[in-house]
Amino acid sequence: MNVMMLLEMAASGFGDRVAVQNGSDALTYSELFGAAGAAASELSASGCERMAALDVNSLAIPVGLFASAWAGMPFAPLNYRLTGGELDALAARIAPSYLVTEAERVKGLAHLPDTTVVAREDFLARATTGKEGDPSWSMDPDEIAVLLFTSGTTGAPKAAVLRHKHIVSYILGSVEFGASSEEDAALVSVPPYHIAGIAAIASSVYAGRRIVQLPGFSAEAWIELARSERVTNAFVVPTMLVRIIDALENSGDASLPHLRALSYGGGKMPLPVIEKAMKMLPGTDFTNAYGLTETSSTLAVLGPDDHRTAAASDDPPIRQRLTSVGRPLPSVEVEIRDPEGRVLAPGERGEICVRGEQVSGEYLGRGSSVDADGWFPTRDGGWLDAEGYLFVEGRVDDVIVRGGENMSPGEIEDVLLEHESVADCAVVGIPDEQWGEAVAAVVVTRADHPVSEVELQLWVKERLRSSRTPSRIEFRNELPYNETGKLLRRRVRAELLGES
Amino acid sequence: MALLKVGTRLRSAVCNTEVMVVAAPQHDVEVSCGGAPMIDVAQERPPGGSASPDAAQGTAMGKRYVSEAGDLELLCTKPGEGSLGVGEILLRPKDAKPLPSSD
């Protein structure tokens, strides 16, 4: 098994179709296959052991992904926002590497030991004019395809290891070969160092869908590209959707006439945002995808029909499903477990554990956290409803323990977000002499909707219970997020405690 | 007969079909296509063969084929006229449940 096989099938099935497009540059499936082969020869000749890409979405990303697979090297996309010591540390962990980056960065990276730094344009020029390689990639399913440094919201970045068997299993289990029509186009705006960016390439290639790359996200650029390129499918993280919806509203033209399917994931989607998005784009199918880097992307989906049924229902348990991540893929099993590892019943909160061939659960140099029976504890907390819909309530490590009672920040945040004055919020536990931990909240209010601490406390108390009511609420202009929309809770907590 | 390995690629001896092993049973198995045992993808197809009429429904690109027990699964990476099987029994195409595109 090798992810190259996905591209080989696409090149032989629909070689003349455009595979990937970036501005006025494009590669057909045949050209992408050829470029991967030529670049693979270059990688093999370099003597390096890994390929790294310190780049925005560019043609070098799909070419690099497949060329690495062809050459039998792990592909490591790096966060292009990293500089200085952080970047040096990551580069050291993957050396000796062949690192492709933007031309203007080449000089500044010359000091990296055991790293061959190549400008993106030179890499692509050699790939597209070089001699086609011999199609003889390894089919060993256990070789490493991709190394992804996780966002490190809870500490130093760890490199998640995705082997060929994980990615290929994910694609075979979730995508029908050649299912897309020639008119279909997927807009990829998540950065390449995010699992969704990698999954988008593999899925689109296998489906035969044209990938339209957006190098740097802005809502205006995204909307413009979606319209001009007649984009039919896209994936966004919640913060992107918030901005897109705002921009559509402010421009007075909410039409995205070609966009059939918009999927979202990578963080918690506030209920008011998805409700508004569905109203503004009635012709678009929404899908919520829940997954982790360590699971080769999507584990569970809340599909378009689920969205419509939930949004139209007055029955609270059904309506609540709009805040769920739907049901597991057919190839994935989900269990909720307590801290002792016992499997919990529907409705009970615990840790989400998953099993399936796409699940890696492995970090470079740290081994696998998958147990003997194949189960991976995600460290995400959540619960299943009676019909198997999965609700995710944030990281287990973020759970607040107040006087022996466990509470998830997500549950309290959901209630706060339902208040018309609350635009955004974060709930964290802070040390408390009496209770061990106390519930604290930081709230961003909507312009022209002032609200007091007491009003919000009452709002939560009426809907949950008094123990879950934040004893302290502070107001801010914005919350700290990383660039892919993950809330940095550690920073919220540190700030509340006066540590930053 | 031999133990199949996941990731192994096989070629039909009588048509253009090529497959990759996606799941393999823990016991020896001989996979056939068009009624003739499949060969390693690195080998050349012998000239002049054709699919036997009982195994000529054809294979489709990207389709997965499974054994009755479900322990053998092959992905068709190149289509041809022959049908995949083990012994006399043909593999059946695996029904794929359509999923919404999630990435």
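Just so you know, these numbers use all the heavy atoms, side chains as well, and skip hydrogens, waters and symmetry mates. Lettering follows sequence order; numbering is per chain, from 1. Note that the coordinates shown come from a computational prediction; the quantities given were computed from them, not determined experimentally.
Side chains of A:Ser138 and A:Glu143: a donor on one and an acceptor on the other come within 3.5 Å.
For chain B, the nearby parts of A:Leu172 are the backbone and the side chain; heavy atoms of each come within less than 4.5 Å. With a 4.5 angstrom heavy-atom cutoff, A:Phe286 does not touch chain B via any of its atoms. Of the two parts of A:Ala200, the backbone and the side chain both hold a non-hydrogen atom closer than 4.5 Å to a non-hydrogen atom of chain B. Contact of A:Ser174 with chain B is made through backbone and side chain together, with heavy-atom distances under 4.5 Å. Heavy-atom distances place both the backbone and the side chain of B:Met61 under 4.5 Å from chain A. Heavy atoms closer than 4.5 Å to chain B are found in the side chain of A:Tyr206, but not in its backbone. For a residue to count as touching a neighbouring chain, one of its non-hydrogen atoms must lie under 4.5 Å from one of that chain's; by this rule A:Ala199 touches chain B with backbone and side chain alike.
Salt bridge absent: A:Glu183 and A:Arg210 never bring a charged side-chain N and a carboxylate O closer than 4.0 Å. Salt bridge present: A:Arg308 and A:Asp285 bring a charged side-chain N and a carboxylate O closer than 4.0 Å.
A:Tyr29 does not carry A:Arg17 over the face of its six-membered ring by the limits of under 6.0 Å from the centre and within 45° of the normal.
Counting only heavy atoms from C-beta outward, the side chains of B:Leu72 and B:Leu91 approach each other to under 4.5 Å. Using a 4.5 Å cut-off on side-chain heavy atoms (C-beta onward), A:Thr298 and A:Tyr290 make no contact.
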